[in-house]
Structures are given as structure tokens and as C-alpha cells.
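Quick notes on the structure that follows.
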Amino acid sequence: MDKPTVDWIKDVVSRQNEWRSSCVNLIASENIMVTELPKFESPELYYNDFMHRYAEGEPYKRYYNGTKYADELEVEAIEYFKKKFDASYADVRPISGAVANIAVFSAMPRITNIVVTNSLPSGGHITHNKMGTMTRLIGRNVYNFPTGENPFTTDVDKAIKLIRKMNPDFVVFGKSMFLFREPVKEIHDAFPDLTIVYDAAHVFGLVYQGVFQQPLKEGANIMTSSTHKTFPGPQGGLIILKNDELGIYEKSIKTQVFPGILSNHHLHRIPALLAAAVILDTELTDYAKRVVSNAKAFAEALYNEGFDVCAADYGFTETHQVVVDVSKLGGGAKVANELEKNGIICNKNSLPWDKSVVKPSGIRLGVQEMTLKGWTKDDFIELAKKFKNILI
Ligand code: DSN
């Protein structure tokens, strides 16, 4: 077929749709929108006229006309998340978790210009680190939390010493490889005046449904997130502020979101975002619970099949993720490619003890999408057998 014709483009899209909907999708940062499930299927919640429109600014104070319904929905979404988290401010405009982070990290004061975050090998996100947004774009000096005896957690005593020594403007918790809770309460208790940002992107659905730590109750001042991982909404971002009655953070973050970073904020996703929240609160109230128990069952089953599942001494996982050290099987890249040939999609991942991020020795598996599609523990136990047949 000649390229690129419209027919060829349609054909690629149709091959993608067919392929990925027939795969076992285990990328921990992905999900399908809950509004795509046959039970709730309502394409108009995402594919709608809002996608052609602009609405710069805040609801009812826009720079454009024609926004009355966008305003109505955005106000409702803001109020919904504020109420859910007993928050003083919610911003649904960031179009991704990374954009939410850019807005927050650049809005914070610069006194020492130092930030403490999780390192990439210990699971930290690229936006929190030197090679990514925090230093490359925002120009802040980054120090990383020391890992604990369980290398998938932070050593609290050493973290306290580091914070005391470096006097950071703020610290960032939250990770991309995220197995266990973060020591938000411990660090808040040690430094009640320290600004804590919690990037909930991976675990937002679990936080939302109360099956994981509650960072804003534990002392985090700001929660950033994406809205499409364990929270099965459309791709997008979110900022939620707690304990900000004086508006210390709100004003600077709000102006960083707009006019600092965004022009349009992709209005068509707001109905699907709000619908996902409503569905989790009314219909799929046990979704996050099922996610965590499926992840535990999958980890245990892989371990029983002979895989080096990480954090075995610590119960494997408290989230949607399972991490496996596949260095003896040729490393993360080789294993992830082999799985893809067999219709299983996951990603290679650096492990805390890897010397370089170039040749990751692990794979990261997320159960949230297959759980949303109805998979149970038995399905994951079967999948572990399939992993053995393919890889060992
Ligand atoms: N880098 C993505 C991940 O965790 O897979 C999130 O942005």
C-alpha cells in the first residue's frame, strides 16, 4: 500500500487496535479508560466536540467564548477531586503527569535550589531527576534518597540526615517502579515545615480508592498525578493541594499551569476523567483492591515458577506492580522482547543495584489493565505458567 494515504493510516490504526487489544498488556504506566469497558461504553465521553475547542484560563474566566459547557464540566471535576481529597485546590488542566510536575517543580521557591528525590535505578521518575526535567529543564540540583535494607524503599534515618545536610527547597516522593509506600509521614514528622510533593501517578487509583497510603493525610502538601495508570481515566494530569489555606502554593502553581506552561488543555478528556472518578466511586468500588491482590498473586505465582521476583522477603508488592530480576535470563530487554513475541507486553526496568540504566536487569509488570478487563488471581497464576514456558 502507498504511504502515507488516508487508507494506509487507517490500516495502521486498525492493526494497532487489533494487536494491543488482543495482547496481555502489562505496562505498569498504562491502562484503558474505564469508559471503554463494554459495561460503560460511552465513546462520546472522550470523542466529542470539546476536542476541537480552546478554553485558556480558568472556568468562567476564559480568554475565549464558546466555553460554557467546558466551564460547567471543569468546575464539577475540580470540586469532585477537592471533595474526595478534602483539598484546598485541584487543577485538572495539566495534560500529563509530567506537565503537572513541570508546573509544580518550577513554581516552588528557589532558596537553596536543592531538591531530594528518588533516583532512577531506585524507581524515581525521569521528571524528578538530573537527566530529565528537574535539572535539564528547571535547573535544580538533585540529591537522591538513600535506599533501605529493602532496596525498593527509602532508608528513613539516612534520608533525614541527607535532608538536614542539604536543606532542600522541597522533596519529591513517588516513583515509576513503585512497590511499597513512601515515608511521607516519617519525613513530615521530622521536618514539619518541609514542602513535600508526592507524585502519585502510578498509584493514583490505589490512593483514590483507599488501598494505599494517603499522602495528603500523611503530610504531603502537594500531590501531582497522571490520570491513566491505576486510575483508569483518559491520559492527562492532575495537581491537588492540601493544607494550603493561605494559598502559598496555589497562586504560583496556578500561574505556572497557565499562562506558564499550557495554552489549551485538551478539553475533550475532562468528561472521561470525571466519569472515571464517578464510576470508581459508584460501580467499580473494589477495583483497586482487586488490582493489589492480583499483583500479589502474580508475584507469588512467578516466584513459585522459579523467577527471581524482587522483594520476596518483604511480601513482593503493595501496589499494582511486580518487578522481576531477569539478569540470569539475559536481562530486561531480551526478556521483554521475547514476551512481546508471545503477545505479552511489558517493559525492561533498571533495578536498584544496576550500575547503569543502559542495560536494565529487570522487567516491570503491572496488573491494572488486565484487572480492569476482568482478570482474576487464577488468570495471573496461569500467566505465570506461561511466563515459565516462554522464558525458562
Ligand atoms: N515513564 C512512565 C512509566 O513509569 O512507565 C511514566 O511516565
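Both counts, for ligands and for their atoms, begin at 1 and track the order of listing.
Aromatic ring centroids of H268 and Y46 lie under 6.0 Å apart.
Side chain of T317 to backbone of T319: a donor-acceptor contact under 3.5 angstrom is found.
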- Message: Checking F152 against Y314 for the ring-ring contact (aromatic ring centres under 6.0 Å, His included) test, could you report, in this order, the C-alpha distance in whole Å, the side-chain angles of both residues, the deciding distance, and whether it holds?
- Response: CA-CA 10 Å; F152 295 87; Y314 303 94; 8.8 Å; no

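Taking a cut-off of under 4.0 Å to the non-hydrogen atoms of R364, the atoms of ligand 1 that pass are 3 (C), 4 (O), 5 (O). Listed by number with element, the atoms of ligand 1 under 4.0 Å from a non-hydrogen atom of H125 are 1 (N), 6 (C), 7 (O). Near H202, meaning under 4.0 Å from one of its heavy atoms, ligand 1 places the atoms 3 (C), 4 (O).
Cation-pi geometry between K158 and F145 is not satisfied (NZ or CZ under 6.0 Å from the ring centre, within 45° of the ring normal).
For the pair E30 and ligand 1, no heavy-atom separation below 4.0 Å is found.
Comparing A201, S29, G97, A98 by heavy-atom distance to atom 2 (C) of ligand 1, the nearest is S29.
For the residue pair T230/Q368, the side-chain donor-acceptor check at 3.5 Å is not satisfied.
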